2 protein chains.
Amino acid sequence: MPTIKDVARKAGVSVGTVSRVLSKNESVKQPLKERVLAAMQELDYKPNLAARALRTNSIDVIGLVVPDITNPFFSQLAKNIEMEAAKRGHSVMLANSHDDADAEQTQIAALLDRAVCGVIVVATSDGGQTHKADVPIVSLDRRFGPYPLVATDHFDGSARIADHLVGLGHRRIAYIAGPQSMEVARQRQEGFVARIKSLSTSDDPIMLTVHEGHFDYDSGEDIGREILKGASSETRPTAIAAASDQQAIGVLRCARDLKIAIPADLSVTGFDDIALAALVVPRLTTLRQPIERLAGSAVERIFAREAAADEAIAGEIVVRESTGTVSSS
Amino acid sequence: MPTIKDVARKAGVSVGTVSRVLSKNESVKQPLKERVLAAMQELDYKPNLAARALRTNSIDVIGLVVPDITNPFFSQLAKNIEMEAAKRGHSVMLANSHDDADAEQTQIAALLDRAVCGVIVVATSDGGQTHKADVPIVSLDRRFGPYPLVATDHFDGSARIADHLVGLGHRRIAYIAGPQSMEVARQRQEGFVARIKSLSTSDDPIMLTVHEGHFDYDSGEDIGREILKGASSETRPTAIAAASDQQAIGVLRCARDLKIAIPADLSVTGFDDIALAALVVPRLTTLRQPIERLAGSAVERIFAREAAADEAIAGEIVVRESTGTVSSS
DNA sequence: CTGAAAGCGCTTACAG
DNA sequence: CTGAAAGCGCTTACAG
């Protein structure tokens, strides 16, 4: 491998000069610069990144730690982060915390030891401590310690779902919430409830019931059954909004069992827009999380290198076949 | 950040000695060693990885390039590779090739520039060139250039599926293959066909038809319909083996449309054991790819640092609800 | 604008 | 067994 010295010799300049053209330093005059460039080309010179790292104490690598890369949402985030980083000539180092706060701690420390230029962490459920780092740390999707959070605007997203449903004429609505111990579950619920409240008037009241569950399929199926079974079509809700796509798909499943037609007799909405949402029958109306923008903003913050406030990015409602106008029964 | 010099001063030894205890060099005598260890502890010393990299010209990082981390199979592979690497104190640098051979090329070069200690590549569909690298490169799942391949034993796996079906009494079987341009599709098909042939005797013949398609849901659904529709239950196959879970799930879908009961009237098998396979109704009998072992073997090869031959790792058949004995119609 | 030189924090022959 | 010293390939004040 040729070194900067070889290039310098070949171009007949000092290594300092080579280094300056390498760093796009404007001070090197045109003729010299060209000779250097030519020499680099000819030798197929590539700077030794380790040497540079030793001097500058930082490498062109972004650390990323996620609870589990196998989770489709996180892998989409990872992909977009990697693309965003690549655009700027950076690589990403990936670590899984397995939803374990200690492992998370260890992984972040290991990344910091490698002198990455910043780390993005999608936190495990519980907390996260402060790290003594002189590079930016940002939390993504789930809050990590004291670091600024980039996340979907869950409150706003739920409100959009509420708008959609009410706009379709629904006046008896059930909301299936996520576990209240999770910030994101609370935000989604609050956004939905608040909007419904503000839309409900004494002339045109909206009935809303809230049912707490977990974010998974089974929870959606169980709670859906509870809401639907036994109730006559005059009393039961005409729409069920779920706090996650998985829950919503569970509701779809139980509606099929109960012979309740969707969307003719019941509208169902999810949240997230996972891949399955577009594959189930009927395809699910949901709120798409702005994954590209989440990733983009997180990466940007690494490069900005300055503390910034939390950022909530608006999602986008995608209307498919699981919602419709309320039938005139 | 304390350096090796600080530790040496505090322990009253030379930096060489500190470096030797760092590298677990046995030559340092007990009393000295302890003093050094104590000093490191006290100062919370962590070696500067960039400096080490500059000297040794290699870092404790494995490069991984996959076509798309968003693909569940690849993300599972990535997770297991990361875990395996972490066990040995290594991190992994992740890159996506987006199924583009040029991008793949670039990504591998970038990884090599960073002096990773090896790179694992799940190749894009077409080929891959040779890289001049003095570190091991291994292809995983899909062959990359001239580098040794670690993959599931597709041939053997398909044969196991054939055994299972024939053991259940099936004698009219249809096989839905993948695109013949792909090595893995050919291997799966050949394994299945060969085993069926060897099991078929003139006394107890087995009828087998083969239908080429793509690996996705729609292809399975379309071909399944072609096979099933119009045929009477006396002439149509009693079992359909698909070359992928996605195809098999497509078959499930069209069987439901056609009111063909599974497994009472038709057995269906897949290949891969994707997460969905255990979620569909009925749950799918399939061949599970040995992901942990694939990842483990690939990582091992990086550390072995010596060229090795291809390795085919046997998968495991997982019998669920989509297969049963042939009904006595 | 360019060169000479120091120095980043390690590892590893080379002595003794 | 341990120390003194060279050197890995860069970057960056400091001169001129």
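Predicted, not measured: the structure shown is a model, and the values here were computed from it.
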Check your understanding: What is the distance from CG of L43(A) to P of dG9(D), rounded to the nearest Å?
Key -> 14 Å
Check your understanding: Nearest-Å distance, CG (D6(A)) to C1' (dC10(D))?
Key -> 13 Å
Review point. Whole Å only: how far is the NZ atom of K5(B) from the P atom of dA5(D)?
Key: 13 Å
Check your understanding: When you measure from the side chain of R142(B) to the backbone N and O of A123(B), does any donor-acceptor pair fall under 3.5 Å?
Key -> yes
Review point. With sugar-phosphate meaning primed atoms plus P, OP1 and OP2, does S19(A) contact a base, only sugar-phosphate, or nothing at under 4.0 Å between heavy atoms?
Key: base
Review point. Is any NZ, NE, NH1 or NH2 atom of the basic residue among E183(A) and R186(A) found under 4.0 Å from an Asp or Glu carboxylate oxygen of the other?
Key: no
Point to revise | Separation of dC8(D) C1' from I4(A) CD1 (nearest whole Å) | key: 13 Å
Check your understanding: Side chain of L32(B): nearest nucleotide among dT2(D), dT12(D), dC10(D)?
Key -> dT2(D)
Check your understanding: P47(A) has a side chain; which of dT12(C), dG3(C), dC10(D) sits nearest to it?
Key -> dC10(D)
Check your understanding: Do NZ/NE/NH1/NH2 and the carboxylate oxygens of E82(B) and K79(B) come within less than 4.0 Å?
Key -> no
Check your understanding: Within the structure, does a side-chain N or O atom of T3(B) lie under 4.0 Å from either OP1 or OP2 of dG9(C)?
Key -> no
Check your understanding: Taking atom C1' of dG7(D) as reference, at what distance in whole Å does atom CG of L54(A) sit?
Key -> 12 Å
Check your understanding: Mapping V28(B) and N48(A) to their closest nucleotides on DNA chain D, which lands nearer the 5' end?
Key -> V28(B)
Review point. In Å and rounded to the nearest 0.5 Å, what is the CG to OG1 distance from L111(A) to T106(A)?
Key: 11.5 Å
Review point. To the side chain of R55(B), which of dA4(D), dC10(D), dT11(C) is closest?
Key: dT11(C)
Exercise for review: Find the partner of dA13(C): check Watson-Crick (N1-N3 plus N6-O4 or O6-N4) and G-U wobble (N1-O2, O6-N3) distances, both under 3.5 Å, and reply none if neither fits.
Suggested key: none
Point to revise | Pair assignment for dA4(D), Watson-Crick or G-U wobble, requiring both distances under 3.5 Å | key: none
Check your understanding: When the nearest nucleotide of DNA chain C is assigned to G16(B) and to A50(B) on a heavy-atom basis, which residue is associated with the more 5' position?
Key -> A50(B)
Review point. Which part of the nucleic acid does L49(B) contact within heavy-atom distance under 4.0 Å: base, sugar-phosphate only, or nothing?
Key: nothing
Exercise for review: Among the candidates dC10(C), dC1(D), dT11(D), find the nucleotide nearest to the side-chain atoms of K29(B).
Suggested key: dC1(D)
Review point. Taking only N and O in the side chain of S14(A), is any of them less than 4.0 Å away from OP1 or OP2 of dT2(C)?
Key: no
Study note, to complete from the structure: Here the distance between atom P of dG9(D) and atom CE of M1(A), to the nearest Å, is 11 Å
**Study point:** Interatomic distance, M40(A) CE vs dC10(D) C1' [rounded to whole Å]
**Key:** 14 Å
Point to revise | Residues E311(A), R301(A): salt bridge by 4.0 Å N-O rule | key: yes
Review point. Taking it one step at a time, do D310(A) and R143(A) satisfy salt bridge (Lys or Arg N to Asp or Glu O under 4.0 Å)?
Key: CA-CA 10 Å; D310(A) 287 355; R143(A) 185 177 300 283; 2.7 Å; yes
Revision key, fill the gap. Among the nucleotides dC10(D), dA13(D), dT11(C), whichever has the atom closest to the side chain of R20(A) is dA13(D)
Check your understanding: Of the nucleotides dG9(C), dG3(C), dT2(D), which has the atom closest to the T17(B) side chain?
Key -> dT2(D)
Practice item. Mind calculating the distance between CG (N57(B)) and P (dT11(C)) to the nearest angstrom? Key: 14 Å
